[in-house]
Amino acid sequence: TKDAVILTEEAPWGSETEPCYMIPRGDILVVGGTYLEGDKTLEIREEEESTLQRNAWKLGIDTNRSKPIGKWTGFRPFRPTVRLELDSHYGVDEGIKLVHNYGHGGSGWTVFVGTAKHAASLLSKNPI
């Protein structure tokens, strides 16, 4: 398996509370973002929208020609560590295997393939 990346030190690419990222989703691009613990504001603030527009520009999107087609905020469950384990109690008597795979917070987009593969391996390697 090959994974190719380019690393750059051109600053500022964001911070812990305002990361700069782009995720292709079919024929659209998701540009983010924020990571604001305890913030329950449903709307995107004007300064947040400006930051997202700057992020898009930094990532090579011509923001004069490519206007936003939508915007949203999301609230993700978060734990200090990801829970990724086979449940040794639930469903055992019924022959059911249950894997807990949650708590990724805003990192779910970047780690879902790896954690899904690990969850599948837990299912295949552990007999009922």
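Computed from a prediction, not measured in an experiment: that's the story for all the values here.
One distance of note links CD of Glu85 with NE2 of His100; it measures 6.0 Å at 0.5 Å rounding. Atom-to-atom distance recorded for His118:NE2 and Leu123:CG is 10.5 Å, nearest 0.5 angstrom. Note that OH of Tyr21 is 12.5 Å distant from CG of Leu29, once rounded to the nearest 0.5 Å. Rounding to the nearest 0.5 Å places NZ of Lys40 at 12.5 Å from OG1 of Thr73.
Counting heavy atoms of neighbouring residues, nucleotides and ligands inside a 6.0 Å radius, atom CD1 of Ile69 does not exceed 12 of them. Heavy atoms from other residues, nucleotides or ligands lying under 6.0 Å from CD of Glu46 number 12 at most.
When hydrophobic clusters are built by joining Ile, Leu, Val, Met, Phe, Trp and Tyr residues whose side-chain heavy atoms come closer than 4.5 Å, directly or via intermediates, Phe112 is not grouped with Tyr102. Residues Leu122 and Val82 are members of one and the same hydrophobic cluster, defined by side-chain heavy-atom contacts under 4.5 angstrom among Ile, Leu, Val, Met, Phe, Trp and Tyr.
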Evaluate the side-chain contact (heavy atoms from CB on, under 4.5 Å) criterion for residues Phe75 and Leu42: first the C-alpha distance (whole Å), next the side-chain angles of each, then the deciding distance (0.1 Å), finally the verdict.
CA-CA 9 Å; Phe75 299 96; Leu42 297 175; 3.6 Å; yes
Stepwise, does the side-chain contact (heavy atoms from CB on, under 4.5 Å) test hold for Leu98 with Leu86?
CA-CA 6 Å; Leu98 172 67; Leu86 185 65; 5.9 Å; no
Could you check Ile23 against Arg25 for side-chain contact (heavy atoms from CB on, under 4.5 Å), going step by step and ending with a plain yes or no?
CA-CA 6 Å; Ile23 302 167; Arg25 295 186 69 197; 4.2 Å; yes
Verdict with reasoning, Val99 to Leu84, per side-chain contact (heavy atoms from CB on, under 4.5 Å)
CA-CA 7 Å; Val99 173; Leu84 180 49; 4.1 Å; yes
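Comment: Arg45 does not engage Glu43 in a salt bridge, judged by the lack of any side-chain N to carboxylate O separation of less than 4.0 angstrom.
Proximity of a side-chain donor or acceptor of Ser66 to a complementary backbone N or O of Thr63 within less than 3.5 Å is not detected. Under a 3.5 Å cut-off, the side chain of Thr17 and the backbone N or O of Leu36 do not form any donor-acceptor pair. Panel note: side chain Thr51, backbone Glu47; a donor-acceptor pair is recorded below 3.5 Å.
Using a 4.5 Å cut-off on side-chain heavy atoms (C-beta onward), Arg54 and Cys20 make no contact.
Sequence neighbours left out, the pairs with a member in residues 65-74 that pass salt bridge (Lys or Arg N to Asp or Glu O under 4.0 Å) are Glu49-Lys71.
Listed here is the closest heavy atom pair of Ala119 and Asn101: CB-ND2, 4.2 Å.
A side chain to side chain contact (heavy atoms under 4.5 Å, CB included) with Met22 is found for one member of Val30, Asn55, Ile61 and no other, namely Ile61.
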